[in-house]
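Remember, predicted model here, so these are calculated numbers, not experimental data. Quick note: numbers below take in every heavy atom, side chains included, and nothing from hydrogens, waters or symmetry partners.
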Amino acid sequence: MRHPFEAPLETMEARVAERWPKGEYLYEPKWDGFRSLSWSEPRLAIDSRNQRPLLRYFPELEPGLRQLPMGTVVDGEIVVVVDGATDFDALQQRIHPAESRINRLSKETPAELVAFDLLADRGEDLRQLRFSERRDRLVALFERLELPWHLTPQTSSEETAKAWFDEFEPAGCDGIIAKDPALPYQHGKRAMLKIKHRRTIDVVVGGFREHKDGGMIGSLLLGLFNANGDFHFIGHCSGFPNADRVGIYNRFLELRADDSFDEGARAPGGPSRWSSEKDSSWTPVRSGVVVEVSYDQLEGDRFRHAARFHRWRPDKDADQCTMDQLERPEGAGFGDVVDG
């Protein structure tokens with residue numbers, strides 16, 4: 001039995017919602033992993049959001065694919081769980097050219113699969129069905145699936161979803177996905193909603209990157225002081241209005257320094273394997289300018305994504321910006337969420 005459509009496919013995406021939506025929705029945790037489409041035999045593959053093959057980096061997931069009936073395609077997330085929470089750093093380490101490294105990590109930190117949609121079931125194309133019907137088919141499929149598979153929780157109650165928003169964060173959930181129960185699967189469209197955590201924090205500017213067009217600010221590199229008093233790079237913010245970019249750039253040109261982030265702490269790195277063509281050069285500045293930013297998620301001792309600039313804080317001293325501002329939520333672990 002073959003699949004009812006050809007690979008690869010674009011995944012259906014979500015757009016950020018600043019408020020909880022009105023109307024009838026189904027709510028699920030938003031997982032912090034690699035979005036993926038899992039294909040059963042005869043294809044036996046995992047494709048990324050960007051339609052790239054992932055199975056070679058996660059060979060331990062092949063037995064999970066073999067559990068699927070022929071002609072089946074599951075939409076979900078690849079996660080690596082460490083100490084009861086998804087660990088994106090550990091997940092990223094798997095994207096490596098060395099097969100020996102991949103095989104070692106597949107045993108030390110094995111990946112798992114969290115499913116939340118079903119595109120094909122035993123050769124039948126489900127994409128035009130209502131999402132609620134696809135979910136029912138996915139639940140029925142899980143009667144035959146075992147590890148590394150997990151079925152993501154779901155609720156139609158906004159009150160329950162708001163409780164999950166806080167309770168599930170320690171497990172690695174960085175928000176809630178809201179889905180219209182009548183929604184067909186829409187490839188490449190931002191047809192779902194995501195409500196994400198955002199927290200404000202005061203940080204110190206430790207450097208900047210020039211805009212690709214030159215002569216204006218691209219991004220500010222941000223830091224906090226750790227318990228040893230070392231200045232630790234925590235992330236960056238960008239997205240400044242064009243009218244402000246030249247002025248901000250000139251301001252920090254006057255604050256240029258030989259160094260800023262301490263050797264004993266985290267500092268901005270060079271190009272990564274994800275963006276090797278991007279210029280990662282940066283200019284250090286004297287660490288005295290404080291800004292308030294908001295962030296959606298932490299990964300270790302850094303912002304997972306770019307922070308959002310809110311305002312300058314000339315009223316605050318740089319040495320008051322310490323890492324104890326970072327919130328470390330406690331509560332449910334990954335197993336409690338997916339198996340509870």
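In this structure, R134 contributes its side chain and L183 its backbone to a donor-acceptor pair below 3.5 Å. No side-chain donor-acceptor contact under 3.5 Å links T160 to the backbone of T155. Side-chain atoms of D336 come within 3.5 Å of backbone atoms of G333 as a donor-acceptor pair (strictly under, hydrogens ignored). In this structure, the side chain of S260 engages the main chain of G206 through a donor-acceptor pair within 3.5 Å.
The minimum heavy-atom distance linking I217 with H211 is given by the pair O-CB, 3.6 Å. Closest non-hydrogen pair, T152 versus P29, comes out as OG1-CD, 3.6 Å. Counting all heavy atoms, side chain and backbone alike, I102 lies closest to P59 at CG2-CD, 3.7 Å. For the residue pair A171 and V337, the shortest heavy atom distance occurs at CB-CG2, 3.8 Å. Counting all heavy atoms, side chain and backbone alike, L26 lies closest to S156 at CD2-CB, 3.8 Å.
Among L255, L220, L253, V204, the one residue that satisfies the side chain to side chain contact (heavy atoms under 4.5 Å, CB included) test with V285 is L255. When each of Q325, H310, Q320 is paired with D202, the side chain to side chain contact (heavy atoms under 4.5 Å, CB included) condition holds for Q325 and for no other. Remark: of the listed residues F168, Y295, F165, F165 is the sole one forming a ring pair (Phe, Tyr, Trp, His ring centres under 6.0 Å) with H197.
Contact annotation: the side chain of L138 never approaches that of D121 to less than 4.5 Å [non-hydrogen atoms, C-beta and beyond]. Side-chain contact between F131 and D180 is absent, with no heavy-atom pair separated by less than 4.5 Å. No side-chain heavy atom of E133 sits less than 4.5 Å from a side-chain heavy atom of L118. Between V80 and V82 the shortest side-chain heavy-atom distance falls below 4.5 Å. Using a 4.5 Å heavy-atom threshold, the side chains of D230 and F225 count as separate. A 4.5 Å side-chain heavy-atom check between T11 and S36 finds every atom pair outside the cut-off. Looking at I46 and I78, their side chains come closer than 4.5 Å, going by heavy atoms from C-beta outward.
Ring centers of F142 and H150: at least 6.0 Å apart, outside the cut-off. Aromatic rings of H187 and Y185 (six-membered ring for Trp) have centroids within the 6.0 Å cut-off, being under it. Between W31 and F34, the distance from one ring center to the other does not fall under 6.0 angstrom.
For the salt bridge (charged side-chain N to carboxylate O under 4.0 Å, His left out) test, residues two or more places apart in sequence or in another chain that qualify with D32 are R304.
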T72 vs H3, side chain to side chain donor-acceptor pair (under 3.5 Å): CA-CA, chis, key distance, verdict: CA-CA 7 Å; T72 296; H3 298 100; over 6 Å; no

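Distance check, rounded to the nearest 0.5 Å: CD of Q67 to CZ of R144 gives 8.5 Å. Rounded to the nearest 0.5 angstrom, I176 CD1 and E158 CD are separated by 11.0 Å. Residue E292 holds its CD atom at 6.0 Å from CZ of R313, rounded to the nearest 0.5 Å. For the atom pair R302 CZ and H232 NE2, the distance stands at 9.5 Å (nearest 0.5 Å). Separating the CG atom in L9 from the CG atom in D75 is a distance of 10.0 Å, to the nearest 0.5 Å. Distance CZ/R104 to CD/E108: 4.5 Å, rounded to 0.5 Å.
Ring pair W312/F252 is tilted by interplanar angle, where 30° to 60° counts as tilted. Ring orientation note: the planes of Y25 and Y27 are tilted relative to one another, at an angle of 30° to 60°. The aromatic rings of F261 and F231 lie parallel to each other, with less than 30° between the two planes, well short of the 60° mark.
Ion pairing between E124 and R137 holds under the 4.0 Å rule for side-chain N and carboxylate O. Salt-bridge check for K189 with E13: failed, with every basic side-chain N at 4.0 Å or more from each acidic carboxylate O. Using a 4.0 Å cut-off between charged nitrogen and carboxylate oxygen, R49 and E10 do not count as a salt-bridge pair. One finds no salt bridge joining R199 and D296 here, because no Lys/Arg side-chain nitrogen approaches an Asp/Glu carboxylate oxygen to under 4.0 Å. A salt bridge links R43 with D47; the closest basic N to acidic carboxylate O contact falls under 4.0 Å. Between R94 and E60 there is a salt bridge, with a side-chain nitrogen of the basic residue lying less than 4.0 Å from a carboxylate oxygen of the acidic one.
With no hydrogens or angles considered, no side-chain donor-acceptor pair links S48 and N50 at under 3.5 Å. No hydrogens or angles considered: nothing links the side chains of T283 and R256 as a donor-acceptor pair under 3.5 Å.
R127 forms a cation-pi arrangement with F5, by the criterion of a distance under 6.0 Å to the ring centre and an angle within 45° of the ring axis.
Counted within 6.0 Å of CD on Q51, heavy atoms from surrounding residues, nucleotides or ligands total more than 12; the atom is thus considered enclosed.
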